[in-house]
Amino acid sequence: MTTNRRGFLLRSAGATLAATAVSRAALAGLPELASHDSAETAPPLQPAGGPHYNPVVTLNGWTLPWRMNGGVKEFHLVAEPVVREMAPGFTAQLWGYNGQSPGPTIEVVEGDRVRLFVTNRLPERTSMHWHGQRLPNGMDGVTGLTQPGIEPGKTFVYEFVARRAGTFMYHPHADEMVQMAMGMMGFWVTHPRTPHPAIAAVDRDYVFLLNAYDVTPGASVPRTSTMTDFNLWSWNSRVFPGIAPLVARQHERVRIRVGNLSMTNHPIHLHGHEMQVTGTDGGPTPPASRWPEVTVDIAVGQMRQMEFVADAEGDWALHCHKAHHTMNAMGHDLPNLIGVDQGGLADRIRKLVPGYMAMGGTGMGEMTEMQMPGPPNTAPMMGGDGPYGSLEMGGMFSVVKVRRDQAPGDYRDPGWYKPPAGSTATEWTGEPPPAASHATHISPHDVTVHANKPSAGGMHMEH
Ligand SMILES: [Cu+2]
């Protein structure tokens with residue numbers, strides 16, 4: 001049985017799970033299959049019964065309901081093809097769990113005995129690895145090493161005690177290159193059972209995974225053999241402007257937990273505040289070892305939990321600092337034409353590369369305003385309309401929205417920040433600066449154009 005999104009929202013809003021009252025016969029079967037078909041951020045799933053914890057919020061995702069069965073928390077994950085809206089106007093055909101990529105977040109308490117049913121609805125075998133967990137070797141989910149693969153149509157059962165509080169993830173250990181490039185991954189949070197000296201109570205606790213895809217503009221299925229040259233850099237399989245904001249009430253303590261299952265590192269940069277790394281997938285960092293950062297680099301296969309006090313009101317950018325990772329599909333493999341008189345140049349290149357469009361002669365910002373057309377089902381190269389025009393961003397970018405009047409526990413987008421009068425950068429209207437003494441002129445012959453590049457990420461468009 002599939003729980004639709006409306007049903008899920010109603011259940012989580014009621015802070016109770018229907019799963020607590022199931023018949024004995026039902027408990028002998030698989031847990032009810034919960035599925036989620038929306039890319040909106042679901043409200044946090046409040047724990048039914050004790051112990052209490054402040055649940056996490058999965059950006060553009062949701063948390064998997066469970067049922068109690070004889071003192072064991074039971075979850076049901078289904079590996080299956082999914083359709084993911086990665087940004088408005090762009091939908092990808094991925095593989096994921098329970099209707100989405102990434103799969104739902106699993107949230108438990110230290111000491112919980114957990115039973116996880118994993119059903120395979122993919123055309124090839126898979127397995128599930130519980131990244132970072134202390135567990136019996138045979139539950140570690142490495143195909144061929146600790147278990148046979150889960151063949152299509154089959155269900156495996158994993159069971160272990162969540163021994164260590166912290167930040168974890170799950171992903172297949174089977175045909176990894178294909179299955180992770182197709183979006184198979186999910187988040188796992190184990191809350192401490194009793195207060196832990198190195199794990200602070202926080203007011204907001206956000207989680208997301210860093211992932212990347214290579215989808216040819218106009219297509220919808222990722223190329224899985226790509227090693228480094230991805231063209232969609234995403235958080236929870238979403239690209240800006242499709243990534244939800246992280247909302248906080250002023251002075252709240254905020255934790256952001258991030259895991260990296262892409263193929264390169266991502267320096268995650270927060271504006272206007274200082275963060276501390278309070279934990280990794282190896283556990284909480286000792287408080288005496290912490291130092292302030294405004295950019296935290298997250299290497300491949302690593303997780304970092306960062307914390308800060310949201311004491312400055314405003315709309316603060318949170319993004320990967322690799323500039324190519326805040327661009328969407330069509331921004332790659334372009335010649336730099338800044339300062340170039342392009343008269344006739346594009347026509348000449350078009351003879352070599354049908355459908356070629358040039359980067360703008362003053363940079364690429366101008367192109368976001370032109371709303372350069374791409375093939376159908378292509379994320380805009382960069383964009384996102386803010387209160388002052390285009391943000392000229394794509395990919396791994398979002399906004400931390402800190403508001404004095406945001407109610408505790410309210411995760412709704414408060415809209416754009418309205419700064420106090422006189423506190424915003426404005427145009428100088430006094431005497432203009434002297435004109436530049438000389439201007440650089442670049443001739444078209446100085447520009448390198450790779451006419452033989454395949455069209456994977458470039459702006460080679462068919463008309
Ligand atoms: Cu990055």
Side-chain angles (χ1 to χ4, degrees), residues 31 47 50-56 58 63-64 66-77 79 97 102-118 126-150 156-174 176 180 184-202 205 207 209 255 257-261 277-287 289-290 298-307:
H52 179 76
Y53 55 81
N54 189 31
V56 299
T58 307
T63 299
L64 187 61
W66 66 89
R67 73 176 182 191
M68 292 304 296
N69 187 356
V72 181
K73 266 184 189 167
E74 291 188 333
F75 297 86
H76 189 185
L77 287 166
Y97 300 96
T105 297
I106 291 173
E107 210 170 357
V108 301
V109 177
E110 180 187 6
D112 278 348
R113 176 164 281 276
V114 181
R115 186 176 297 134
L116 303 123
F117 298 86
V118 178
T126 188
S127 74
M128 194 71 95
H129 169 58
W130 314 99
H131 175 113
Q133 303 276 0
R134 286 280 184 160
L135 37 60
N137 183 240
M139 296 293 168
D140 200 37
V142 180
T143 304
L145 179 65
T146 65
Q147 65 164 87
I150 309 171
F156 267 49
V157 188
Y158 298 84
E159 184 169 330
F160 55 91
V161 173
R163 284 172 55 187
R164 181 160 75 67
T167 300
F168 308 96
M169 50 191 169
Y170 62 84
H171 61 80
H173 234 292
E176 280 188 63
M180 288 211 265
M184 297 183 71
M185 56 191 72
F187 220 94
W188 177 308
V189 171
T190 302
H191 294 279
R193 183 164 292 271
T194 53
H196 187 293
I199 303 177
V202 295
D205 204 337
V207 308
L209 289 166
R255 181 156 51 221
R257 310 181 195 232
V258 184
N260 184 356
L261 284 176
V277 174
T278 59
T280 74
D281 30 358
T285 55
S289 73
R290 298 173 187 173
I298 306 173
V300 182
Q302 284 187 335
M303 308 190 80
R304 291 288 179 269
Q305 56 182 58
M306 294 91 81
E307 286 173 33

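Note: hydrogens, waters and symmetry copies are ignored here, and every other heavy atom, side chains too, is used.
- Here A201 pairs with nothing under the side-chain contact (heavy atoms from CB on, under 4.5 Å) rule; sequence neighbours left out.
- Of the inter-residue distances, the one linking L209 atom CG with Y170 atom OH reads 9.0 Å to the nearest 0.5 angstrom.
- The side-chain heavy atoms of M180 and H171, taken from C-beta on, include a pair separated by under 4.5 Å.
- Side-chain atoms of Q147 and Y158 form a donor-acceptor pair, as typed in the model, at a separation below 3.5 Å.
- Atom OG1 of T190 is separated from atom CD of Q133 by 5.0 Å, given to the nearest 0.5 angstrom.
- Centroid-to-centroid, the aromatic rings of W130 and F75 stay 6.0 Å apart or farther.
- The aromatic rings of H173 and H129 lie perpendicular to each other, with more than 60° between the two planes, well past the 30° mark.
- Using a 4.5 Å heavy-atom threshold, the side chains of T280 and Q302 count as separate.
- The CZ atom of F187 sits 9.5 Å away from atom CG of L261, with the distance rounded to the nearest 0.5 Å.
- Looking at heavy atoms from C-beta onward, L77 lies in side-chain contact with I106 at the 4.5 angstrom threshold.
- Looking at T58 and E107, their side chains never come closer than 4.5 Å, going by heavy atoms from C-beta outward.
- Residue pairs meeting the salt bridge (Lys or Arg N to Asp or Glu O under 4.0 Å) criterion with at least one partner in residues 186-200, sequence neighbours excluded, are D112-R193.
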V109/K73 under side chain to side chain contact (heavy atoms under 4.5 Å, CB included): CA gap, chis, key distance, verdict: CA-CA 10 Å; V109 177; K73 266 184 189 167; 4.3 Å; yes

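- The CE atom of M303 lies 9.5 Å from the CG atom of N260; values are rounded to the nearest 0.5 Å.
- Considering R257, R255, R304 as possible partners of T167, the one that fulfils the side-chain hydrogen bond (donor to acceptor under 3.5 Å, both in side chains) test is R257.
- In this structure, R115 and N69 have side chains that are in contact, with non-hydrogen atoms separated by less than 4.5 Å.
- At a threshold of 4.5 Å between non-hydrogen side-chain atoms, the residues H191 and V56 count as touching.
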